[in-house]
*Asks:* 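Got a structure for you, questions after.
Note that ligands are numbered from 1 as they come in the structure, with each ligand's atoms numbered from 1 the same way.
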Amino acid sequence: MSRPPEEKTAESPYILWKSVNSQTFHSHIARSLGNILVLVQEAGKRILDVYGQKFEVFLKSDLSPLTLADQRSHEVLFEGLPRILDVPVLSEEGRTIEFAERSSWQTFWSADPLDGTKEFVRKSGDFCVSIGLVHDRSPLFGVIYIPVENRVYFGSMDLGGHTLSGDLIPALSGLPAVDVLARSQRLDSDRASAEKEWVLIGSVSHGGEISPEVLKKLRKKHPFSVKSVGSAIKFCRIAEGAADFYPRVGTTMEWDTAGGQAIVESAGGGLISATTGQPLTYNKESLENPDFLCFGGRFAQEYPEMLSLSPGS
Ligand SMILES: Nc1ncnc2c1ncn2[C@@H]1O[C@H](COP(=O)(O)O)[C@@H](OP(=O)(O)O)[C@H]1O
Ligand SMILES: [Mg+2]
């Protein structure tokens with residue numbers, strides 16, 4: 001595996017990529033792209049193995065569900081991601097890593113091995129594997145794989161946003177971005193035609209409590225329909241122009257958004273804090289996200305003034 005310049009520290013088992021500029025970072029991702037997609041599909045296959053059987057549901061300390069599928073997918077990613085890029089993995093299903101330990105990380109994988117566990121348990125199909133590669137507190141690259149659709153979405157500002165049928169992934173092992181992109185479709189969050197109805201997308205299980213006043217303000221600007229979809233698949237729908245905006249009120253964690261943010265941004269959209277109006281940042285002391293607004297290119301272009309409209313206001 002080729003690597004950018006690196007520097008080991010005595011305290012950390014990881015290689016800290018001090019003074020790596022983002023171009024070096026992007027070149028490395030471009031070289032490894034085929035292997036990354038193969039790995040994420042492998043995690044998805046482990047999830048589907050469990051989905052097809054009778055499985056037990058455990059409750060975590062926050063009362064959210066956990067299954068064997070979350071754990072199997074975590075094992076694949078926790079072992080495989082550092083083989084692609086040898087930086088720490090912050091996984092929803094990994095051990096808790098205190099801020100004192102992770103505050104020095106410049107680059108790390110933010111992984112949700114099975115996003116949408118509730119939907120997985122309900123067998124609605126709305127679940128995915130979501131991976132973001134965070135560098136200098138921003139998600140520069142993201143991958144979301146949807147097992148039931150056998151489809152992957154990925155993107156970075158350098159590569160742009162793309163989607164690809166999972167049938168094509170096994171043949172991508174060892175191939176760099178130029179070969180992967182030749183087989184992919186470009187994502188464009190502004191693709192929706194002007195006459196098509198606008199779509200607000202929201203959670204099936206959580207955080208749909210957007211205040212009626214805000215909904216009224218939004219409707220005054222432009223009528224829209226509402227679609228409910230579970231998990232980070234919502235970001236894929238924004239990135240491909242199938243939905244226009246996704247306001248989220250309530251708890252989400254960094255691993256829920258890192259991959260999706262990179263994909264949406266690479267497709268011309270954005271994901272901003274409802275309080276600051278700035279893109280979400282990562283490796284915060286608290287891993288909870290603020291309320292946010294995610295939007296596609298059409299929304300951003302036609303209604304820039306709404307970008308400062310807090311979903312919770
Ligand atoms: N009260 C809460 N505490 C922590 N995370 C929450 C939460 N409510 C929702 N989430 C997050 O929202 C995700 C599901 O998103 P959605 O509601 O859009 O389908 C969950 O992902 P997991 O399924 O990976 O736990 C979970 O991380
Ligand atoms: Mg999640």
Side-chain angles (χ1 to χ4, degrees), residues 40 43-44 46-48 50-51 55-78 89-96 109-132 134 139 142-149 153 199-210 226-239 242-243 245-264 271 274 280 282 284 286-295 311-312:
V40 175
R46 302 292 172 94
I47 292 173
L48 281 185
V50 178
Y51 198 55
F55 55 84
E56 278 190 88
V57 182
F58 304 95
L59 283 187
K60 295 201 279 192
S61 53
D62 65 357
L63 301 183
S64 64
L66 176 73
T67 69
L68 185 61
D70 298 68
Q71 289 163 327
R72 291 261 166 89
S73 173
H74 166 77
E75 283 158 19
V76 170
L77 298 173
F78 195 73
V89 180
L90 187 63
S91 164
E92 175 170 14
E93 307 312 339
R95 70 179 174 91
T96 303
W109 296 103
S110 175
D112 194 339
L114 173 45
D115 185 46
T117 308
K118 274 198 177 162
E119 310 312 319
F120 176 88
V121 170
R122 271 191 212 139
K123 301 239 169 188
S124 76
D126 282 355
F127 54 86
C128 60
V129 181
S130 178
I131 308 296
V134 177
V143 186
I144 291 179
Y145 175 71
I146 308 175
V148 165
E149 292 180 15
Y153 292 75
V199 177
L200 178 157
I201 197 161
S203 168
V204 175
S205 310
H206 313 98
E209 307 81 12
I210 305 154
V226 177
K227 199 191 262 182
S228 293
V229 172
S231 84
I233 295 173
K234 290 185 275 299
F235 298 117
C236 303
R237 301 296 171 244
I238 296 272
F245 58 113
Y246 165 28
R248 178 82 185 217
V249 179
T251 313
T252 59
M253 307 299 287
E254 290 190 3
W255 43 70
D256 293 316
T257 54
Q261 181 170 347
I263 295 167
V264 165
L271 200 171
L280 297 196
Y282 291 79
K284 304 181 300 297
S286 160
L287 294 170
E288 273 189 34
N289 291 319
D291 295 346
F292 63 76
L293 177 63
C294 179
F295 52 87

*Asks:* Determine, using heavy atoms of Val204 and all atoms of ligand 1, whether some pair is separated by less than 4.0 Å.
*Replies:* no
*Asks:* Give the residue, atom name and distance (to 0.1 Å) of the protein heavy atom nearest atom 6 (C) of ligand 1.
*Replies:* Thr251 O, 3.5 Å
*Asks:* For the atom pair CD1 (Ile131) and CH2 (Trp109), what is the distance rounded to the nearest 0.5 Å?
*Replies:* 7.5 Å
*Asks:* Could you check atom 27 (O) of ligand 1 against the protein and tell me its nearest heavy-atom contact, residue, atom and distance included?
*Replies:* Asp256 OD2, 2.8 Å
*Asks:* As a test of understanding, state which of His74, Lys60, Arg72 forms a side chain to side chain donor-acceptor pair (under 3.5 Å) with Glu93.
*Replies:* Lys60
*Asks:* Between OD1 of Asp256 and OD2 of Asp112, what angle is found at the Mg ion (ligand 2), rounded to 10 degrees?
*Replies:* 100°
*Asks:* Quick one: which ligand 1 atoms are inside 4.0 Å of a heavy atom on Ser231?
*Replies:* 16 (P), 18 (O), 19 (O)
*Asks:* Going by the atom numbers of ligand 1, which of them fall below 4.0 Å from some non-hydrogen atom of Lys234?
*Replies:* 16 (P), 18 (O), 19 (O)
*Asks:* Angle between ring planes, Tyr51 versus Phe120, binned at 30° and 60°: parallel, tilted or perpendicular?
*Replies:* tilted
*Asks:* Looking at non-hydrogen atoms alone, which of Lys118, Met253, Arg248 comes nearest to atom 12 (O) of ligand 1?
*Replies:* Arg248
*Asks:* May I ask you to identify the nearest protein heavy atom to atom 21 (O) of ligand 1, giving residue, atom name and distance to one decimal place in Å?
*Replies:* Asp115 OD1, 3.0 Å
*Asks:* Hey, which atoms in ligand 1 end up nearer than 4.0 Å to a heavy atom of Ser203?
*Replies:* 16 (P), 17 (O), 18 (O)
*Asks:* Check ligand 1 against Asp112 and write out every atom of the ligand that is under 4.0 Å from a heavy-atom position of the residue.
*Replies:* 24 (O)
*Asks:* Tell me whether Leu114 reaches ligand 1 (any heavy atom closer than 4.0 angstrom to a ligand atom).
*Replies:* yes
*Asks:* What N/O/S atom of Asp115 gets nearest to the Mg ion (ligand 2)?
*Replies:* OD1
*Asks:* Would you confirm whether Lys234, through its side chain, and Val229, through its main-chain N or O, come within 3.5 Å as a donor-acceptor pair?
*Replies:* yes
*Asks:* Donor-acceptor pair, Glu254 side chain versus Lys284 backbone, under 3.5 Å?
*Replies:* yes
*Asks:* Using a plain distance cutoff, I'd like to know if Glu119 has any nitrogen or oxygen under 3.5 Å from a nitrogen or oxygen of ligand 1.
*Replies:* no
*Asks:* Would you check the N or O atoms of Gly116, main chain and side chain alike, for any that come under 3.5 Å of an N or O of ligand 1?
*Replies:* yes
*Asks:* Tell me if the aromatic rings of Phe292 and Tyr246 count as close, with their centers under 6.0 Å from one another.
*Replies:* yes
*Asks:* Just by modelled atom types, is the Asp70 backbone N or O under 3.5 Å from a matching donor or acceptor in the Ser73 side chain?
*Replies:* no
*Asks:* Taking Val249's backbone N and O only, do any of them form a donor-acceptor pair with Asp291's side chain (distance below 3.5 Å, no angle check)?
*Replies:* no
*Asks:* Going by atom types only, do Asn289 and Thr257 share a side-chain donor-acceptor pair under 3.5 Å?
*Replies:* yes
*Asks:* Do the non-hydrogen side-chain atoms of Glu288 and Met253 ever get within less than 4.5 Å of each other?
*Replies:* yes
*Asks:* In ligand 1, which numbered atoms sit nearer than 4.0 Å to a non-hydrogen atom of Gly230?
*Replies:* 19 (O)
*Asks:* Which residue and atom name correspond to the protein heavy atom nearest atom 25 (O) of ligand 1, and how close is it?
*Replies:* Glu92 OE2, 3.3 Å
*Asks:* Measure the spacing between CZ of Phe127 and OG of Ser231 and express it to the nearest 0.5 Å.
*Replies:* 9.0 Å
*Asks:* For Thr117, counting its heavy atoms only, list the atoms of ligand 1 lying under 4.0 Å from any of them.
*Replies:* 23 (O)
*Asks:* At what distance is the nearest protein heavy atom to atom 8 (N) of ligand 1, and which residue and atom is it?
*Replies:* His206 CD2, 3.3 Å
